[in-house]
Participant: 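Please see the structure below; I have some questions.
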Amino acid sequence: MSTIHDFKVDDWLRRLLPGRCAFCLAACETTAPWCSACHAALPWNLAACPVCAEPHLGGHRCGHCLRRMPAFETARVPLRYEGELAVLMRRFKFQASPRAGSLLLALLEEALREAPRPEALLAVPLHPHRARQRGFDQARWLAERLSTRLDIPLVVAQRRRDTPSQRGLDRQRRGRNLRAAFRVEVALPSEVALLDDVMTTGATLDALARACCRAGAERVEAWAVARTPMTN
């Protein structure tokens with residue numbers, strides 16, 4: 001769980017280089033922690049599947065979603081996991097860099113500015129054994145702060161099984177790996193959003209969305225900072 005100290009650290013990091021871009025250290029034109037040139041150069045996920053946010057599809061629904069719709073209705077994933085964004089994400093995920101996390105959170109919050117507000121927010125949970133091994137739960141870190149900033153209640157889901165790593169698995173094997181992996185023990189409101197740091201095939205968010213529907217949710221959205229292009 002985050003402490004008051006954690007949020008004070010976030011504030012300190014935002015004040016660390018006031019008026020300077022977090023990417024190139026040039027002067028910023030606004031109060032955002034980036035300059036307009038670096039912001040424009042980020043790998044924005046613009047032409048993506050409107051359901052699962054798979055990139056490079058001209059905004060049309062992808063073949064996977066045409067064959068089998070996921071349990072979530074839409075995915076809001078503003079960036080692609082590549083280039084400078086991938087470097088930033090690795091610093092956050094594997095080095096627990098709060099400066100990288102604060103910047104990723106700011107980019108996600110900006111992208112969600114016009115999105116309808118759900119009635120609850122759930123982070124994709126780690127199994128307790130995996131959380132102890134890592135010592136850092138990046139999705140929970142993001143969700144706690146986004147919940148506060150957007151004034152959305154945070155609901156905690158549970159991971160029932162310590163599933164093997166999804167890395168290197170194709171879409172079908174990822175789905176089998178996550179079958180009945182999640183549980184939500186409280187009754188959910190009708191509209192909820194799920195949050196992860198990176199979305200690859202969407203299998204994890206799909207499995208959690210199904211658990212949310214069993215707990216009473218009627219409409220589920222998937223949120224993430226970045227989407228891995230399927231060619232990667």
Side-chain angles (χ1 to χ4, degrees), residues 1-3 6-7 52-53 70-77 81 89-90 92-98 100-101 104-105 108-109 112 118-150 152-169 171 173-228:
M1 293 292 290
S2 293
T3 64
D6 294 327
F7 291 99
C52 74
F72 54 82
E73 291 197 15
T74 190
R76 301 183 190 274
V77 190
Y81 184 76
M89 184 66 75
R90 286 193 290 269
F92 172 56
K93 190 167 185 173
F94 300 115
Q95 300 174 23
S97 166
L104 293 168
L105 181 63
L108 179 60
E109 185 181 6
L112 295 171
E119 298 169 276
L121 180 67
L122 296 89
V124 171
L126 289 175
H127 189 273
H129 175 66
R130 188 71 57 88
R132 285 193 298 270
Q133 283 183 326
R134 283 194 188 179
F136 178 60
D137 186 339
Q138 67 276 1
R140 181 67 177 267
W141 191 99
L142 290 169
E144 287 176 345
R145 286 155 178 78
L146 195 65
S147 167
T148 298
R149 293 188 186 186
L150 301 185
I152 303 172
L154 185 63
V155 176
V156 177
Q158 294 182 340
R159 197 156 192 147
R160 302 174 63 185
R161 296 187 293 110
D162 187 8
T163 54
S165 172
Q166 296 281 79
R167 193 169 300 173
L169 300 182
R171 185 184 295 265
R173 291 167 66 196
R174 282 172 180 258
R176 289 199 301 266
N177 190 33
L178 290 161
R179 196 166 294 156
F182 300 109
R183 176 174 58 202
V184 180
E185 294 189 332
V186 299
L188 290 176
S190 61
E191 297 186 0
V192 304
L194 315 180
L195 180 64
D196 207 352
D197 56 342
V198 178
M199 183 177 180
T200 304
T201 65
T204 300
L205 288 157
D206 182 30
L208 181 55
R210 294 181 187 280
C212 289
C213 291
R214 291 193 293 270
E218 297 176 3
R219 187 180 189 278
V220 182
E221 289 193 358
W223 294 355
V225 179
R227 182 64 151 84
T228 303

Participant: Between S147 (side chain) and I152 (backbone), is there a donor-acceptor pair under 3.5 Å?
Facilitator: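 Flag set: sc S147 to bb I152 pair under 3.5 Å.
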Participant: Can you see which heavy atom on R227 is nearest to which on A53, and at what distance?
Facilitator: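 Of all heavy-atom pairs spanning R227 and A53, the closest is CG-O, 3.3 Å.
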Participant: Can you pull the side chain to side chain donor-acceptor pair (under 3.5 Å) pairs that have at least one residue in residues 213-223, sequence neighbours excluded?
Facilitator: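 Only E73-R219, R76-E221, R219-E221, E221-W223 qualify under side chain to side chain donor-acceptor pair (under 3.5 Å).
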Participant: Going by salt bridge (charged side-chain N to carboxylate O under 4.0 Å, His left out), name the pairs with one or both residues in residues 193-212, residues two or more places apart or in two chains.
Facilitator: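 For residues 193-212, and leaving out neighbouring residues, the salt bridge (charged side-chain N to carboxylate O under 4.0 Å, His left out) pairs sorted by first residue read R68-D206, K93-D197, D206-R210.
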Participant: Which distance, rounded to the nearest 0.5 Å, do you find between the SG of C212 and the CZ of F72?
Facilitator: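 It is 12.0 Å, given to the nearest 0.5 Å.
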Participant: Which heavy atom in W141 sits nearest to a heavy atom in P98, and how many Å separate them?
Facilitator: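 Heavy atoms only, the tightest pair is CH2-O, 4.0 Å.
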Participant: Between V124 and R159, is the side chain to side chain contact (heavy atoms under 4.5 Å, CB included) condition met? List the steps.
Facilitator: CA-CA 9 Å; V124 171; R159 197 156 192 147; 4.3 Å; yes
Participant: Does the side chain to side chain contact (heavy atoms under 4.5 Å, CB included) test come out yes or no for V192 and V155, once each step is laid out?
Facilitator: CA-CA 10 Å; V192 304; V155 176; over 6 Å; no
Participant: Does the pair F94 and F136 meet the rule for a side chain to side chain contact (heavy atoms under 4.5 Å, CB included), with working shown?
Facilitator: CA-CA 9 Å; F94 300 115; F136 178 60; over 6 Å; no
Participant: Drop me the distance from L154's CG to R145's CZ, to the nearest 0.5 angstrom.
Facilitator: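 So the CG of L154 and the CZ of R145 are separated by 11.5 Å.
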Participant: How close do V77 and A226 get, counting heavy atoms only, and between which atoms?
Facilitator: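 The answer is CG1-C, 3.2 Å.
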Participant: Once you round to the nearest 0.5 Å, how far does CZ of R140 lie from CG of L126?
Facilitator: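 Reported value, rounded in 0.5 Å steps: 10.5 Å.
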Participant: Which heavy atom in V220 sits nearest to a heavy atom in A71, and how many Å separate them?
Facilitator: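 Closest heavy-atom pair between V220 and A71: CB-O, 4.3 Å.
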Participant: Counting C-beta onward and ignoring hydrogens, is there a side-chain heavy-atom pair between V225 and Y81 closer than 4.5 Å?
Facilitator: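 Heavy-atom side-chain distance check fails, nothing below 4.5 Å.
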Participant: Hey, are the side chains of L112 and L146 touching, using non-hydrogen atoms and a 4.5 Å cut-off?
Facilitator: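 Of all side-chain heavy-atom pairs linking L146 with L112, at least one is under 4.5 Å.
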Participant: Roughly how far, to the nearest 0.5 Å, is the CG atom of L194 from the CE atom of M199?
Facilitator: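 Reported to 0.5 Å precision, the distance equals 10.0 Å.
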Participant: Of all residues at least two apart in sequence or in a different chain, which pass the salt bridge (Lys or Arg N to Asp or Glu O under 4.0 Å) check with E109?
Facilitator: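 Testing E109 for salt bridge (Lys or Arg N to Asp or Glu O under 4.0 Å), a comparison that skips the adjacent residues, returns R149.
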Participant: Identify the two heavy atoms, one from P125 and one from Q158, that lie closest to each other, and give their separation to 0.1 Å.
Facilitator: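 For P125 and Q158, the tightest heavy-atom pair comes out as CG-C, 3.9 Å.
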Participant: Provide the closest heavy-atom pair for L195 versus A139 in the form atom of the first, atom of the second, distance.
Facilitator: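 It is O-CB, 4.0 Å.
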